[in-house]
Amino acid sequence: MKELVVISGKGGTGKTSLVAAFASLAQNKVLCDADVDAADLHLIMDPQIREQHEFESGHTAIIDLDACTECGLCRELCRWNAISEAFVVDPIACEGCGICYHLCPARAVEFPVDTCGKWFISDTRFGPMAHASLGIAEENSGKLVTLIRQEGRKLVEQQNADLLLTDGPPGIGCPVIASIGGAAAVLIVAEPTVSGRHDMERVAELAAFFRVPAMVCVNKFDLNPEQAEAIGAFAGRKGIAVVSRIPFDPVFTKAMVEGKTVIEYDGHSEGARAVRALWEKIKERLGIS
Amino acid sequence: MIMSIASGKGGTGKTTVATNLAVSLEVDVQLLDCDVEEPNAQLFIQAAIEGVRTITTPVPKVDMDKCSLCGKCGEICQFKAIVVLRDIVLPFPELCHSCGGCVAVCPEKAITETGRELGVIEWGHRDGLEFVHGRLRVGEAMSPPLIRKVREFTRPGALTIIDAPPGTSCPVIASMKGADFVLLVTEPTPFGLHDLKLAVGAVKILGIPCGLVINRADMGDDKVWAYADKENIPILMEIPFDRRIAEAYSRGEMLVEAIPEWRQRFKDLYNRIIPVVARKEQPR
């Protein structure tokens, strides 16, 4: 089994539209949406939920004011300024470190487990899918990413699939680090802008840091061919293959509005043809059929 | 006033709005780029950098000569960042949240703190505009502590514009908490609207007034207008899809310099924000 994780550094470069299009093209695969913070792949995949689970992770402190002696030790120890003068914990500021819970002399602090999201195993018209939604303003996105990728791997084993196709999150922080470890390769979707190039360079550095092989595709390359060239040159210096250039084509947005992949919406469009060519190259590099 | 610019979905135009708004206003403005994972504002602002500081977060260091292997540090740590083995205590600094629990609980005072590098903060000016940004070290997982350090540059009395990261989890909350207003930038597509709803959810939890900028307003569908109406979120600006705008952006040019008539539109945007802040109007 091979796992391909699609990342970008910068948000909005077209990760999810490409993953959806690959879902149309790939054989014998399982889909995984690891962008748990702002998951969008389900908007195209229209998953029929087979299983739904709560995601429990981390803790939040609650002070029992009847037991509290107002000694103030917790406020002194808390580095998150999460405890008010009236000894009420701000659940958003609370890091869940438990220092107040462990050291309160009156044992007045409760420390229940948080439910920070949900995860799902679903069926789609392209095969099974593991996906999740982190609760708004919640923490532990990295742990949920790790969990959902493990569930994706289980689905791959169950149906003896060849490929786990994972839609990754933007950025280079904790959820991205959790998304790429152990993957066969990452595909970095870059846009030919100064921001896109800057962000692509940082996420390529991250992939190298964790020793995950990377490929790059430049989306909307004709918007600024000079920047597209610069991305190619950077990739060349770092030994990263530029596997494709995809032209700017409004068909991607039109397909999204219809809830379809670009292949389903108009398989003969310029965008769809470029994605097909890209997919052939990725298959070759991953060594899958 | 502190104004955070957020979106849910990435790539909707947060940085475009934040940078162009910051340079268009004739008030005392500071721009803080809190998208420390991928800070892009400086690519456009090109502030003359006047200072750099490396930011670290405290992580434990164990003096094994003092340690009695009692195991209390391993018990208190919620993040598996310090593990007590048979004859040694192993800190895992990259997992540490810097709560200080192990230091506080150690009866032998064997644990002190050293620093783990989170990244750097740079600051400077572009003409009268004060600029600060953070750059997370590649390989570092935790951005909120660095974001909080960038926000320490907030100067009371100034208009502080914060460019927030995408998403709705802890880094976004760290960039919005305590703001007087959140300007949400979206695009009228299913992905844009879906993630906007999440961002509005976060704004509601924090109880902050918000308003909307719709970028590439003529691409996609019309569902975001209906949503804004239903939620009582004022639409304060629409930016059409214009290849000239996209190309200027791709070269790192400021919109208000490439197409100067936009300067007045960003001033108008600010003038529409002020009454929303004054009314403390929140989404339904």
Side-chain angles (χ1 to χ4, degrees), chain A residues 8-13 16 36-40 43-44 58-59 77-80 92-93 95-99 102-103 134 136-139 141-142 169-178 191-196 198-199 202-203 205-206 209-210 223-224 226-227 248 250 253 256-257 259, chain B residues 7-13 15 35-40 43-44 75-79 97-101 104-105 135-136 138-143 165-173 177 187 189-191 194-195 198-199 201-202 204-206 216 219-221 243 246-247 249-252:
Chain A
S8 64
K10 183 172 176 352
T13 62
T16 304
V36 299
D37 192 357
D40 287 332
L43 298 172
I44 307 295
H59 299 257
L77 290 169
C78 178
R79 291 186 175 175
W80 322 103
I92 290 177
E95 184 83 0
C97 69
I99 194 166
H102 278 96
L103 297 178
L134 188 72
I136 292 166
E138 288 292 352
E139 296 180 7
S141 60
I172 62 162
C174 121
V176 185
I177 292 171
E191 61 171 42
T193 64
V194 290
S195 311
H198 170 270
D199 296 358
R202 275 167 70 78
V203 82
E205 209 184 310
L206 185 78
F209 188 91
F210 289 103
L223 208 58
N224 187 329
E226 222 172 87
Q227 289 294 335
F248 175 75
T253 305
M256 190 207 294
V257 169
Chain B
S7 68
K9 183 176 179 329
T12 58
T15 301
D35 186 359
V36 301
E37 294 178 45
E38 296 290 19
N40 291 151
L43 297 169
F44 298 86
E75 276 164 35
I76 198 171
C77 182
Q78 293 294 310
F79 310 105
H97 286 228
S98 307
C99 71
V105 81
R135 294 178 66 81
L136 191 72
V138 173
E140 170 59 47
M142 293 172 208
S143 59
T168 59
S169 65
C170 25
V172 183
I173 300 303
K177 199 166 190 282
E187 56 179 37
T189 63
F191 292 179
H194 177 266
D195 298 353
L198 299 175
K204 281 182 183 173
I205 288 172
L206 295 172
R216 299 185 276 270
M219 285 185 92
D221 57 23
R243 210 165 158 120
E247 287 178 358
Y249 172 83
S250 78
R251 292 189 294 266

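Predicted, not measured: the structure shown is a model, and the values here were computed from it.
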Minimum heavy-atom separation for [X] to [Y], with atom names?
{"X": "B/Ser169", "Y": "A/Leu134", "answer": "CB-CD2, 3.7 Å"}
{"X": "A/Leu223", "Y": "B/Arg243", "answer": "CA-NH2, 3.8 Å"}
{"X": "B/Val105", "Y": "A/Leu103", "answer": "CG2-CD2, 4.0 Å"}
{"X": "B/Gly139", "Y": "A/Phe209", "answer": "CA-CE2, 3.9 Å"}
{"X": "A/Ile136", "Y": "B/Gly201", "answer": "CG2-C, 3.7 Å"}
{"X": "A/Ser195", "Y": "B/Leu43", "answer": "CA-CD1, 3.6 Å"}

Is it the side chain or the backbone of [X] that comes within 4.5 Å of chain A heavy atoms, both, or neither?
{"X": "B/Pro165", "value": "neither"}
{"X": "B/Pro171", "value": "neither"}
{"X": "B/Ile173", "value": "side chain"}
{"X": "B/Val172", "value": "neither"}

Most contacts with chain A, counted as non-hydrogen pairs under 4.5 angstrom, among [options]:
{"options": "B/Gly252, B/Ser98, B/Ala199", "value": "B/Ser98"}
{"options": "B/Asp35, B/Ile205, B/Thr15", "value": "B/Ile205"}
{"options": "B/Arg251, B/Glu75, B/Lys9, B/Arg135", "value": "B/Arg135"}

- Query: Given side chains that start at C-beta, do those of B/Cys99 and A/Arg79 come closer than 4.5 Å, heavy atoms only?
  - Reply: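 Counting from C-beta outward, B/Cys99 and A/Arg79 never come under 4.5 Å.
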
- Verdict with supporting geometry, B/Lys177 and A/Ile92, side-chain contact (heavy atoms from CB on, under 4.5 Å): CA-CA 9 Å; B/Lys177 199 166 190 282; A/Ile92 290 177; 3.8 Å; yes

Greatest number of heavy atom pairs closer than 4.5 Å to chain B - which of [options]:
{"options": "A/Leu77, A/Thr193, A/Asp199, A/Val36", "value": "A/Asp199"}
{"options": "A/Thr16, A/Leu206, A/Leu43, A/Val176", "value": "A/Leu43"}
{"options": "A/Glu139, A/His198, A/His59", "value": "A/His198"}
{"options": "A/Ile172, A/Thr13, A/Asn224", "value": "A/Ile172"}

Side chain from CB out, backbone as N, CA, C, O: work out which of these in [X] comes under 4.5 Å of a heavy atom of chain B, or both, or neither.
{"X": "A/Pro170", "answer": "both"}
{"X": "A/Glu226", "answer": "neither"}
{"X": "A/Ala178", "answer": "neither"}

About how many Å separate [atom2] of [Y] and [atom1] of [X], when rounded to the nearest 0.5 Å?
{"X": "B/Glu37", "Y": "A/Cys174", "atom1": "CD", "atom2": "SG", "answer": "8.0 Å"}
{"X": "B/Gln78", "Y": "A/Ile99", "atom1": "CD", "atom2": "CD1", "answer": "11.0 Å"}
{"X": "A/Glu95", "Y": "B/Cys170", "atom1": "CD", "atom2": "SG", "answer": "7.5 Å"}
{"X": "A/Asp40", "Y": "B/Thr189", "atom1": "CG", "atom2": "OG1", "answer": "8.0 Å"}
{"X": "B/Glu187", "Y": "A/Thr253", "atom1": "CD", "atom2": "OG1", "answer": "7.0 Å"}

- Please report the C-alpha distance between B/Phe191 and A/Ile44 in whole Å, then the side-chain angles of each, then the deciding distance to 0.1 Å, and finally whether the side-chain contact (heavy atoms from CB on, under 4.5 Å) criterion is met. CA-CA 9 Å; B/Phe191 292 179; A/Ile44 307 295; 3.8 Å; yes

- Message: Looking at B/Asp221 and A/Val257, would you say the former's side chain and the latter's main chain have a donor-acceptor pair under 3.5 Å?
- Response: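 Judged by distance alone, no pair lies under 3.5 Å.
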
- Kindly say whether B/Glu38 contributes a backbone atom to a donor-acceptor pair with the side chain of A/Arg202 at under 3.5 angstrom?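 Flag not set: sc A/Arg202 to bb B/Glu38 has no pair under 3.5 Å.
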
- Message: I'd like to know whether A/Val194 forms a side-chain contact (heavy atoms from CB on, under 4.5 Å) with B/Tyr249, so could you lay out the CA-CA distance, the side-chain angles of the two residues, the decisive distance to 0.1 Å, and finally the verdict.
- Response: CA-CA 8 Å; A/Val194 290; B/Tyr249 172 83; over 6 Å; no

- Message: If you apply the rule side-chain contact (heavy atoms from CB on, under 4.5 Å), what do you find for A/Cys97 with B/His97, and how did you get there?
- Response: CA-CA 8 Å; A/Cys97 69; B/His97 286 228; 5.9 Å; no

